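These notes concern the structure reproduced below.
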Protein chains: 2
Amino acid sequence: MSKKTVSAASDTETRATSEHAPDLRLWLRTLACTNLIENHIRSRLRAEFDITLPRFDLMAQLERSPQGLKMGELSKRMMVTGGNVTGITDQLVAEGLVVREDSPKDRRAYIVKLTPEGRRSFRKMAEAHEKWVVELFVGMDENQRGQLYELLAVLKTSAAKAAGKK
Amino acid sequence: MSKKTVSAASDTETRATSEHAPDLRLWLRTLACTNLIENHIRSRLRAEFDITLPRFDLMAQLERSPQGLKMGELSKRMMVTGGNVTGITDQLVAEGLVVREDSPKDRRAYIVKLTPEGRRSFRKMAEAHEKWVVELFVGMDENQRGQLYELLAVLKTSAAKAAGKK
DNA sequence: ATGGAAATATCGATGCCTAAATTATCAAAA
DNA sequence: TTTTGATAATTTAGGCATCGATATTTCCAT
């Protein structure tokens, strides 16, 4: 009867099987959605602004903290390791988009800030970025978006708790 | 009145500002959830089985396609580039967990399959993996999980459409 | 004060990931 | 045939990401 896998799946979710726990299927679907959107945004950022997603993300954090952030704060907020932040910051410094200033309070720490050019550059990109995101969610109605937002809050709490206590 | 940012945010979602479009906040929350869960699973896979998440994912694809998969099919299903699949497969071959067989139909292509050891090894890991996922979702009730699952289907369709054309 | 634990950032090794170029094969048309 | 174009996989170069180790500095209990 050749079920002939609907093929051309192109999708992480295909990892799920009917025997799998519903939670697993739910997780794989979540992952598939995120990858789809993230990959799309990543390639558009590259194509249209010649910037990488991690650099954009770091700049976004600084945009909303005009007083600047310490490396460790960036690391926490971006949910990546400290060594990683060091590397991304190096690149952005080399491009003149951010600066590392010595912290007056703590000689171990730096305060990272957007440069004027960095701020200008980011604002232009952020505008386009937001438009792309809106496009990607346009197939959901107002109500669905609201529900999804609330459900993800529940999930976040659940996962943070489970992940936190080892 | 110093709202004083609830701080200790530790969260990508902090990128959102009240001025941001609701869609953007929704997207950032989605991303935060995924990162939280994915990072947790990644570190447990490493700690308990000394394997990376990408290798686990590749093996998971093969587990449910016992006839084997071509490199390109793996690439599509995992939503990563072909060059990436080449590298991950190399590692798994070196570990004796998968094999590359010549395709009888097409001399350009390989068929990748789990070895008996790979299958045995994967099944043990998958069992633990599924348990972790269940733990992470335990804070959502049955109804919420069902709703989330359906809403993500809508999102996936929406995003695939928007990302596809253009 | 001071000695030890914790915090801040960086570095080095390793592996993932992409984009672009390359090699080899296939398939279909001139 | 032989050319043409597409497809399958790899390779290369650059950047992202983790982990573990290191050097400095800070904090605190003595």
Side-chain angles (χ1 to χ4, degrees), chain A residues 7-8 12 34-35 38-59 68-95 97-98 100-112, chain B residues 8 10 12 34-36 38-59 68-95 98 100-112:
Chain A
S7 125
T12 308
T34 301
N35 285 340
E38 198 169 31
N39 285 343
H40 179 69
I41 291 175
R42 184 195 313 280
S43 73
R44 289 195 80 163
L45 276 177
R46 183 179 196 79
E48 301 184 23
F49 296 106
D50 194 34
I51 197 176
T52 63
L53 183 51
R55 284 177 215 187
F56 178 83
D57 284 345
L58 194 153
M59 292 176 77
L69 290 172
K70 293 195 296 182
M71 302 296 282
E73 288 172 336
L74 279 168
S75 168
K76 279 204 207 84
R77 298 187 192 210
M78 297 175 70
M79 300 179 83
V80 298
T81 59
N84 193 358
V85 171
T86 297
I88 299 170
T89 301
D90 285 347
Q91 301 276 1
L92 288 169
V93 167
E95 297 180 76
L97 299 173
V98 310
R100 257 191 263 241
E101 296 178 357
D102 291 329
S103 167
K105 299 280 202 177
D106 186 338
R107 276 187 300 172
R108 292 169 301 181
Y110 294 117
I111 308 280
V112 185
Chain B
S10 173
T12 307
T34 301
N35 285 340
L36 186 57
E38 198 170 30
N39 284 344
H40 178 70
I41 291 174
R42 185 194 312 281
S43 72
R44 289 195 80 163
L45 276 176
R46 183 177 197 80
E48 301 185 23
F49 296 106
D50 195 34
I51 197 176
T52 64
L53 184 51
R55 285 178 215 188
F56 178 83
D57 283 346
L58 194 154
M59 291 176 78
L69 291 171
K70 294 196 295 182
M71 301 296 282
E73 288 172 335
L74 279 169
S75 168
K76 280 206 207 84
R77 297 186 192 211
M78 297 175 70
M79 303 179 83
V80 298
T81 59
N84 193 0
V85 171
T86 297
I88 299 170
T89 301
D90 285 347
Q91 300 276 359
L92 288 169
V93 167
E95 299 181 73
V98 312
R100 259 189 262 240
E101 294 178 359
D102 292 328
S103 168
K105 299 281 204 176
D106 185 340
R107 276 186 301 171
R108 294 169 300 181
Y110 294 117
I111 309 279
V112 185

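Computed from a predicted model, the values in this text were never measured in an experiment. When reading the values below, keep in mind they use all heavy atoms of this one structure, side chains included, and skip hydrogens, waters and symmetry mates.
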Contact summary for Ser75(A) and Val80(A), nearest pair of heavy atoms: OG-O, 2.7 Å
Any pair counted as salt bridge (Lys or Arg N to Asp or Glu O under 4.0 Å), so long as it reaches residues 82-92 of chain A, sequence neighbours left out: Asp90(A)-Arg100(A)
Residue pair Arg44(A), Ile41(A): steps toward the side-chain contact (heavy atoms from CB on, under 4.5 Å) verdict: CA-CA 5 Å; Arg44(A) 289 195 80 163; Ile41(A) 291 175; 5.9 Å; no
Working for side-chain contact (heavy atoms from CB on, under 4.5 Å), residues Arg42(A) and Asn39(A): CA-CA 5 Å; Arg42(A) 184 195 313 280; Asn39(A) 285 343; 4.0 Å; yes
Stepwise side-chain contact (heavy atoms from CB on, under 4.5 Å) test for Ile51(A) and Met59(A): CA-CA 11 Å; Ile51(A) 197 176; Met59(A) 292 176 77; 4.0 Å; yes
Please write out each protein N/O paired with an N/O of nucleotides 16-18 of chain D under 3.5 Å, distance rounded to 0.1 Å.
residue, atom, partner, partner atom, Å
dC16(D), OP1, Thr52(A), OG1, 2.9
dC16(D), OP1, Arg55(A), NE, 3.1
dA17(D), OP2, Asn84(A), ND2, 3.4
dA17(D), O5', Asn84(A), ND2, 3.0
dT18(D), OP2, Thr81(A), N, 2.6
dT18(D), OP2, Thr81(A), OG1, 2.8

Atom pair distance, as rounded to whole Å: CG in Leu58(B) and P in dG15(C): 16 Å
Beyond-backbone contact of Lys70(B) with Val112(B), side-chain heavy atoms, under 4.5 angstrom: no
Whole-Å distance separating the CG atom of Leu45(B) from the P atom of dC16(C): 13 Å
Closest heavy-atom pair and its distance - Thr86(A), Met71(A): CA-CE, 3.6 Å
Between P of dC19(D) and CZ of Arg44(B), the distance in whole Å: 14 Å
Spacing between Leu53(A) atom CG and dG14(D) atom C1', to the nearest angstrom: 16 Å
Nearest heavy-atom neighbours spanning Pro54(A) and Met78(A): O-CE, 3.7 Å
Distance in angstrom units between Glu95(B) CD and dG15(C) C1', rounded: 12 Å
Nucleotide dT26(D), atom C1' - distance to CG of Asp102(A) in whole Å: 16 Å
Phosphate OP1/OP2 of dT8(C) contacted by Lys70(A) side-chain N/O (<4.0 Å): yes
Gap between atoms CG and C1', on Asn35(A) and dC16(C) respectively (whole Å): 13 Å
Polar atom pairs (N or O), protein with nucleotides 23-25 of chain D, under 3.5 Å:
residue, atom, partner, partner atom, Å
dT25(D), O2, Arg108(A), NH1, 3.3

Euclidean distance, atom CG of residue Leu92(B) to atom C1' of dG15(C) [Å, nearest integer]: 12 Å
Nearest-neighbour nucleotide for the Thr86(A) side chain, dT10(C), dA9(C), dA9(D) considered: dT10(C)
Inter-residue atom distance Leu74(B).CG - Tyr110(B).OH, 0.5 Å rounding: 14.0 Å
